Amino acid sequence: MSREEALKFPDKFLWGTATSPTQVEGHIDNEWTNFTAQDGGTCRVACDNYHRYPEDIEWMARLGTNAHRFGIEWSRLQARAFAPLNPTELARYIDMLDRLKAAGITPMVVLHHFSNPPWINASGGWTNPSTVPAYVDFVRQLVAALKERVHLWNTFNEPDTYACVSYLLGGFPPQRKWKLGQFRKVIGHMARAHAQASRIIRRDGNAGRKPEVGIAKNWTFFHAYQGYSLWDRATAFGCHYTFNKFVLDAFLGGWRRRASTFIGLNYYGRVRFHHFNAMIPASGAPGTRLKDFGFICDDMVERYPEGMEKILKYLRRKFRLPVYITEHGAASSDESFRERDLHENLAALHRSIEAGVDVRGFFYWSLLDNFEWQFGYTKKFGLIAVDFADEKLPRRPKPLAGVYERICRENALRPPA
Ligand code: FCB
């Protein structure tokens, strides 16, 4: 097919990469510091992005990106509730923002990504209502410090995943299981904190560029593998209701919709149930079995690119807010698989834009191979590989980096070769 048939994206579309502090920075003191992942790995050094952020920004520039979504780690900045922000740590983040700007890269700052300061965890984390004012104070101080440099703010990354894996599935610290009441409390407190933080961001963050604020919602489709299986349908409905509907209502339902100027969407794919089992590699379903069932999965979940269009159209109908795809990516050592996955998802995204959905950017998860929470270093999402066996942690671009670079530079998706 010819160049003319490339799918053009809107002017000023943001093409970025995404990371989170615990997964890349290293040298962090939060609930993950002493957590040992399934592969025996810890986040103590991770990619050492704490020291190597100048080099990592150079990689972003080489990729031709014009945006980057990353977290500011609360535990680095406050030693106790309502304490002033640590000036050394703040200066480091400011230097990072200045280097991003010099490279022509717009930052989107995430204020909570699956981690809390130790003193918050010691008092019950997000199950405790007093975490709300403590977080809001952190946000207030940070916005005052960064408002000239940041206008895109993500208050919470995937509150649904955080509350579910920490309090229902036991995968994240504090590793509680089936505490539905705590799950609901966490969501309720985070939704309240989002509304309050958003008010502050919009009121105090106006320094030139109008501030934009939203959460990043992980959207997973939950389906039954066989439509006639009532039990699997009930399981899928229960998951959809708890993780999608209940969470969206808590953050965006009714008057709360006004607390967001955009919706961040983290979209990876779907989970299908068969005899109560979640048929995905992340839940331990063997790859060969999934193949026999005809499922196409990366190392985590089933791929479902048409879902990208479905969820974008649904969000538009329901909320009429602009959307950023705050995460999409695939973990696999098969680069042609990842290329196909990226292509199919971006094509679906493009169809949604053509159909009128206001999508303003796309952030690839992830810039680097990194510490993938309870799975450790075995799930490789990076555009850039990191050699964790070498203590110098050398970076090396993977083939997908070249593919993504072309998309970013041309602001277009060419047909597959
Ligand atoms: C998302 C998380 C991110 C990473 C990717 C693979 O759910 O936000 O930190 O784990 O999945």
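The chain is numbered in sequence order, starting from 1. No experiment lies behind these values; they were computed from the predicted model shown. For ligands, and for the atoms within them, numbers begin at 1 and follow the listed sequence.
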### Query
Short question: side chain of R338, backbone of A330 - any donor-acceptor pair under 3.5 Å?
yes
### Message
I'd like to check which ligand 1 atoms, numbered from 1 as shown, lie under 4.0 Å from a non-hydrogen atom of W365.
### Response
3 (C), 4 (C), 5 (C), 6 (C), 9 (O)
### Message
Taking distance alone, with N or O pairs closer than 3.5 Å, would you say W373 contacts ligand 1?
### Response
yes
### Message
Assess the residue pair N345 and Y268 against the criterion (side-chain hydrogen bond (donor to acceptor under 3.5 Å, both in side chains)); give the C-alpha distance rounded to whole Å, side-chain angles, the decisive distance to 0.1 Å, and a yes or no.
### Response
CA-CA 9 Å; N345 278 276; Y268 289 88; over 6 Å; no
### Query
So, is E372 polar-close to ligand 1, with some N/O to N/O distance under 3.5 Å?
yes
### Query
In the protein, what heavy atom is nearest to atom 1 (C) of ligand 1, and what distance, to one decimal place, separates them?
E327 OE1, 3.0 Å
### Task
Considering only non-hydrogen protein atoms, determine which one is nearest to atom 7 (O) of ligand 1 and report residue, atom name and distance to 0.1 Å.
E158 OE1, 2.6 Å
### Query
Of all the non-hydrogen atoms in the protein, which one sits nearest to atom 5 (C) of ligand 1, and at what distance?
Y268 OH, 3.3 Å
### Subset of ligand 1 atoms that lie under 4.0 Å from at least one heavy atom of N157
8 (O)
#### Entry: Reported CD-to-CD distance for the pair Q175 and E31, which is rounded to 0.5 angstrom
11.0 Å
### Task
Please test I72 against L142 for side chain to side chain contact (heavy atoms under 4.5 Å, CB included), starting from the C-alpha separation and ending with a verdict.
CA-CA 9 Å; I72 291 195; L142 197 66; 3.9 Å; yes
### Query
In terms of ring plane angle, is the pair H112 and F156 parallel, tilted or perpendicular, where the classes change at 30° and 60°?
tilted
### Message
List ligand 1 atoms under 4.0 Å from Q23, heavy atoms only on the residue side.
### Response
3 (C), 4 (C), 9 (O), 10 (O)
#### Entry: Ligand-side contact atoms (ligand 1) for residue partner F381, heavy atom cut-off under 4.0 Å
6 (C)
#### Entry: Subset of ligand 1 atoms that lie under 4.0 Å from at least one heavy atom of H113
2 (C), 3 (C), 8 (O), 9 (O)
### Query
Between R395, R99, R62, which is the residue that forms a salt bridge (Lys or Arg N to Asp or Glu O under 4.0 Å) with D56?
R395
### Query
Would one find more than 12 heavy atoms of other residues, nucleotides or ligands at under 6.0 Å from atom CH2 of W231?
no
